Number of protein chains: 2
Amino acid sequence: MAGAGAAGGAGGRAAGARYRRLATELREAIASGAYGAGGRLPSEEELAQQHGVSRGTVRQALAVLRANGLVTSRRGTRRVVLGTARTQSFFELLSFTRWARALGEVPGGRTIDISSGPANPLEAEQLGLEPGTQIHRVLRLRTLSRVPIMIERTIYPEHIGAVIAGLDPDAISHTEPLADQGVVFADAEHTVDLVYADDEDARLLGCDPGSPLMRERRRATDPAGTPLEWSDDRYLPGTVSFTVHNSAASTALSRRRG
Amino acid sequence: MAGAGAAGGAGGRAAGARYRRLATELREAIASGAYGAGGRLPSEEELAQQHGVSRGTVRQALAVLRANGLVTSRRGTRRVVLGTARTQSFFELLSFTRWARALGEVPGGRTIDISSGPANPLEAEQLGLEPGTQIHRVLRLRTLSRVPIMIERTIYPEHIGAVIAGLDPDAISHTEPLADQGVVFADAEHTVDLVYADDEDARLLGCDPGSPLMRERRRATDPAGTPLEWSDDRYLPGTVSFTVHNSAASTALSRRRG
DNA sequence: AAGTGGTCTAGACCACAGT
DNA sequence: CTGTGGTCTAGACCACTTA
């Protein structure tokens, strides 16, 4: 047992936790069709022996795949492969640039306006600060292969905004430099709804004022739960959709009025 | 240790797994402000002793709260309360009726059309069946406190549709009778985007043809991964929004083109 | 240096599916 | 009845945060 504990460190040295590497291996095996479409996975016991780990570690790995909707999980029968969908990393959801690259398209961005000043009550609440605290605001037009598809209004607390303000004005990605600076994004909450373009939206996106847009509001926090950014992104119709997988066991989705 | 195993059954007798009950207790404690807003939870060891369970069980319970975005989770420090948001059950996401009741509003529904016939290729794919297989189709207008807000087009495989077809035409809920019949919903995939009302949408919702609607397409499956229903729901603007919480550890959300 | 959560092991019994 | 996943326990060591 003691030796086992050591594996926690020894196994983790190479590339993160053992169960994460195992999850990646299994995901790749599934994607390669090793178990067939709709096929069955080996039992937990078999996987444990094959990979030289305990059943507990196998279960941790499988829990990841289940949360991603890749496999079923029920008592009595082996897990069944549901899909081979490539998993989108958490970071790809935060970074427009990373997302675009994963799509094989060329991300672009033009900074329309960048400023700093005291937070109004609404902004303060989004970032969990006291009204009047200094914040940074960025307004950018985002393009995919040169075509405008989204307008992004983001606010950052002082310490984050300082990094953003120091970037090349033509920098395509703002999120990546932050990560390089050691800023760790841990959680995010996304709310999707429908709004109508105001004059500024319309001018920048090249649509008519009052025309419908898909809005995604997002709040990202660090591991301590401290807000790192708050953003209001508006997409032209037909350019994007959002998909969520959920189950009785893990429900991260909710439907709200208005 | 053997006695411990017995707790798996003994503890579970009352109302499901021990860790689920513990998760519920903790959620209520948080909601009641027992730990304060932004306060810290007791350590895992303390919780284990207080509730007479092992640390592993405490961790399972906390994992549930974390997935719901209620608490943080990081090495070195105690968990911090992020919010007290009432958790929406998985079932509330599937059932318009349950959702409406939870909001304190009066759900209503008028069945516009119900029919059965062979699945076309598209429908067959949604339900994972062979084209030509018999399916059931239901078109319903949904209201909240008498006001129309959504138009719902759902298809069911034969064995499910048979139950639906046998219901009172004025039945408000279709999902609940299914649950009563022993149909178990285990997983769902929701895709949200923006579409324009066709003539039928417009006539039923009382909006203009071509006006924007928020669309949620949903596929629900049983524990074995077999599709139970596929639905295309279209909401009037301003009546609904969807919120997702995700983290680096569990990413069930994805953004897609078009 | 102490405290806390993250990871891993080993073993046990139970609930459920399938034969 | 047998196999498989679900739940729970007990114990260990590590990585990280905080004082």
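For clarity, every value in this text was computed on a predicted model and none was experimentally measured. Here is the naming used below: chain letters follow the sequence lines, and residue numbers restart at 1 for every chain. Basis for what follows: all heavy atoms, side chains included, without hydrogens, waters or symmetry-related copies.
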Set out, line by line, the N/O atom pairs under 3.5 Å between protein and nucleotides 16-19 of chain C.
none

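Side chain of A/S32 to backbone of A/A29: a donor-acceptor contact under 3.5 angstrom is found. A/W230 places no side-chain N or O within 3.5 Å of a backbone atom of A/A220 that could act as its donor or acceptor partner. Listed for the B/T251 side chain is a donor-acceptor partner under 3.5 Å among the backbone atoms of B/S247. Using a distance-only test at 3.5 Å, with no hydrogens or angles considered, no donor-acceptor pair links the side chain of B/T221 to the main chain of B/T226. A donor-acceptor contact shorter than 3.5 Å is absent between the side chain of B/S95 and the backbone of B/E92. Remark: the backbone N or O of B/V80 is paired with a side-chain donor or acceptor of B/T72 at under 3.5 angstrom.
By the salt bridge (Lys or Arg N to Asp or Glu O under 4.0 Å) test, A/E44 pairs with A/R55, A/R59, A/R79, sequence neighbours left out.
Taking atom CZ of B/R18 as the reference point, atom P of D/dC8 lies 8 Å away to the nearest angstrom. Between A/Q60 atom CD and C/dG6 atom C1' the separation is 8 Å, expressed in whole Å. In this entry the distance linking CZ of B/R78 with C1' of C/dG6 reads 17 Å, nearest Å. In this structure, the CZ atom of A/R66 is 9 Å from the P atom of D/dT7, given to the nearest Å. Rounded to whole Å, the distance from OH on B/Y19 to C1' on D/dT7 is 8 Å.
Listed by residue number, there are no residues of residues 22-31 of chain A with a heavy-atom contact under 4.0 Å to DNA chain D. At a non-hydrogen distance threshold of 4.0 Å, B/S43, B/E44 from residues 43-51 of chain B come into contact with DNA chain C.
Distances shown here put every side-chain N or O of B/R59 at or beyond 4.0 Å from the OP1 or OP2 atom of C/dT4.
Residue pairs meeting the salt bridge (Lys or Arg N to Asp or Glu O under 4.0 Å) criterion with at least one member in residues 217-226 of chain A, sequence neighbours excluded: A/D193-A/R217, A/E216-A/R218, A/R218-A/E229, A/R218-A/D233. Pairs engaging residues 177-187 of chain A under the salt bridge (Lys or Arg N to Asp or Glu O under 4.0 Å) rule: none recorded [sequence neighbours left out].
Annotation: of the two residues near DNA chain D, A/R55 and B/T57, the 5′-most nearest-nucleotide partner is A/R55.
Contact check for A/I30 versus A/T84: side-chain heavy atoms found under the 4.5 Å cut-off.
The side chain of A/S73 lies closest to D/dG5, out of D/dC8, C/dG6, D/dG5.
More than 12 heavy-atom neighbours from other residues, nucleotides or ligands sit within 6.0 angstrom of CD on A/E158.
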